[in-house]
Number of protein chains: 2
Amino acid sequence: MPGEQSTLAEQAFERIYELILSGALPLGSEVNEVSLSQRFDISRGTVREAVRRLQGLRLVTREPYMRACVVSLSQKDVVEIFQLREVVEGMACRLATKAMSDEALDRLMADLERARRNGARSADIPGEPFDLHIRVAVACGNERARQLLTEELYHLLRLYRRRSGDLPGRREQAFDEHWQIVRAMHNRDPDLAESLMRSHIARATESLLATLAAEREAEGASAPPRPLRRRRRTRVVAASPAGAGLAAEQPHESAAFAKESERAKAR
Amino acid sequence: MPGEQSTLAEQAFERIYELILSGALPLGSEVNEVSLSQRFDISRGTVREAVRRLQGLRLVTREPYMRACVVSLSQKDVVEIFQLREVVEGMACRLATKAMSDEALDRLMADLERARRNGARSADIPGEPFDLHIRVAVACGNERARQLLTEELYHLLRLYRRRSGDLPGRREQAFDEHWQIVRAMHNRDPDLAESLMRSHIARATESLLATLAAEREAEGASAPPRPLRRRRRTRVVAASPAGAGLAAEQPHESAAFAKESERAKAR
DNA sequence: TCGCGACATAGTGTTGACAGTTTTGTGGCG
DNA sequence: CGCCACAAAACTGTCAACACTATGTCGCGA
């Protein structure tokens, strides 16, 4: 019963990855090897291997005898990621403009138009059915850039976005910018497309920073020293055998957890 | 006797990394866990952990029950890396132009001038005492970009560069371009600096591609199908207990190996 | 002679146990 | 009442053994 085709460690890697993306493992939370091994009902060494791969992807940080932690993005991190995205997605846009077929460009345009009609919810929200940024990254032909954008940077931003809405009006503006970008691509103007994409992301950066500033303002001095780290007895527990008492005192949704531990630990 | 301060797995990671960078583990060669564990005189599980981290950095590729392999860069890979470098280093140059202090810029200029006098060998060769690209990446202030440039992309190129000289005359041209870049930075012209850096790398890309094409031409049809993979009985063996019979049939330098296995396995 | 299937072998996947380190809880002392 | 030393707990680091898979080899039959 070896699952499908991959190794246990591979599956564990995927599952932990999903746990982090879904917010079940909150940013900055501790990653406990034994807890995870019990949850997945596999050996600790196997979990260990998966965690080391996460470490390689810089999704968890670790130092010798300390507990591993999910990365917690500071504002500086977010700015750095957006700076990177700005130039790399600009490049991807330029390359895609040169690489895409006429049919693919027509399809892209049609999909963008359809998305606009289908509702205003899918302008610049990662993971939505139509996501221009993903489409461009995939189409650019540079596999390394695609991986960087869609697997290393974008997911981190998804993580971050969960807890920060958009500025009002930004959505419509983003749509407009998307439209201009796609039109430049369709006109086979690589330099313009790159330039527009860069401007687009730069504006999104400013919007996000404004949102964050407003948030910080609103929260006021509720918890300025930020008790991150050094927290007592609040670590993500391994779901007591009954599967009931989940640690739900976090402001994140810890669903998708309970169903994982329905085994009686008969050993 | 726990070494200095880090874990065994950490040290193993570093050592394997060095092995790959030094060419002792040639590109595309197989990475044998037991062989390495015997060489380092540590457990296989520990080596395994290190290899998984290398995998996370995409320096080795692996599929379920197959042997792990050091990446072998195709020409497409190199082009992709240079495309990425072009925009990311351009960004780094722009940010550094804005972030560096006057003193740091003066020092940078002085070092460049000194490097020019000290010999023509250090124009654009990674790892040399003065390396403008590293200096810019470090000074740009974007930690993520620095890591991408100096630890993920640059080392791969070092790997590749080992076996490809430069085009004649390229070195002087590179020096000139470096000089222009630094002058733009010194004049606090971020956009010009970014543009110059991008052009510089684009030119370097063309130079490298020309070199590769010439090489390919010179080799002719010596080994067109490229027997990489599926080679018989030639794998890097684990140094017989006497420490003598090293597998030296590879056209790469396998030095720095012998000295690692002087322990009698007294156990 | 060539194809093909069983066997042997090398290497990876997984596990449980033991050792070392950090954190936490507790009790005595100033 | 606060603080420091000490001990227990919790967790990570390391290892050796066992299970599983892939690959090369050898013998068989057509």
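Predicted, not measured: the structure shown is a model, and the values here were computed from it.
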Inset, instruction - Apply the side-chain hydrogen bond (donor to acceptor under 3.5 Å, both in side chains) test between Glu33(B) and each candidate in Gln38(B), Arg67(B), Arg48(B); give the one that qualifies. - result: Arg48(B)
Inset, instruction - With the side chain of Ile42(A) defined as its heavy atoms from C-beta on, choose the nearest nucleotide among dT12(D), dT15(C), dG11(C). - result: dT15(C)
Legend entry - Nearest-nucleotide 5' precedence on DNA chain C, Ser43(A) against Ala68(B): Ala68(B)
Inset, instruction - Measure the shortest side-chain to side-chain distance between Val79(A) and Gln83(A) over non-hydrogen atoms and say whether it is less than 4.5 angstrom. - result: yes
Legend entry - Value in whole Å for how far the C1' atom of dT23(C) lies from CE of Met66(A): 10 Å
Legend entry - Value in whole Å for how far the P atom of dG13(C) lies from CG of Leu8(A): 11 Å
Inset, instruction - Say whether, by atom type as modelled, one donor and one acceptor occur between the side chain of Glu80(A) and the main chain of Arg144(B) under 3.5 angstrom. - result: yes
Legend entry - Side chain of Tyr65(A) - closest among dG20(C), dT12(C), dT23(C): dG20(C)
Legend entry - Glu89(B): partners by side-chain hydrogen bond (donor to acceptor under 3.5 Å, both in side chains), with sequence neighbours left out: Arg85(B), His133(B)
Inset, instruction - Indicate the atoms forming the closest heavy-atom contact of Arg52(B) with Arg53(A), along with that distance. - result: O-CG, 3.9 Å
Legend entry - d(CD, Gln38(B); P, dA10(C)) in whole Å: 12 Å
Legend entry - Whole-Å distance separating the CG atom of Leu36(A) from the C1' atom of dC11(D): 13 Å
Inset, instruction - Take atom CZ of Phe13(A) and atom P of dG13(C), then tell me their distance rounded to the nearest Å. - result: 15 Å
Inset, instruction - Would you tell me if any nitrogen or oxygen in the side chain of Asn32(B) comes within less than 4.0 Å of OP1 or OP2 on dA10(C)? - result: no
Inset, instruction - Check the distance between dG13(C)'s C1' and Phe40(A)'s CZ and give it to me in whole angstrom. - result: 18 Å
Legend entry - Arg146(B) with Glu143(B): basic N within carboxylate O range, under 4.0 Å: yes
Legend entry - Residue-level proximity of residues 44-54 of chain B to DNA chain D when a heavy atom falls under 4.0 Å: Arg44(B), Thr46(B)
Legend entry - N or O in side chain of Arg62(B) less than 4.0 angstrom from dG13(C) OP1/OP2: yes
Legend entry - All side-chain hydrogen bond (donor to acceptor under 3.5 Å, both in side chains) counterparts of Glu86(B), not counting sequence neighbours: none
Inset, instruction - Grab the CG-C1' distance between Asp41(A) and dT14(C) for me, whole Å please. - result: 13 Å
Inset, instruction - To the nearest Å, give me how far apart CD (Glu63(B)) and P (dT23(D)) are. - result: 9 Å
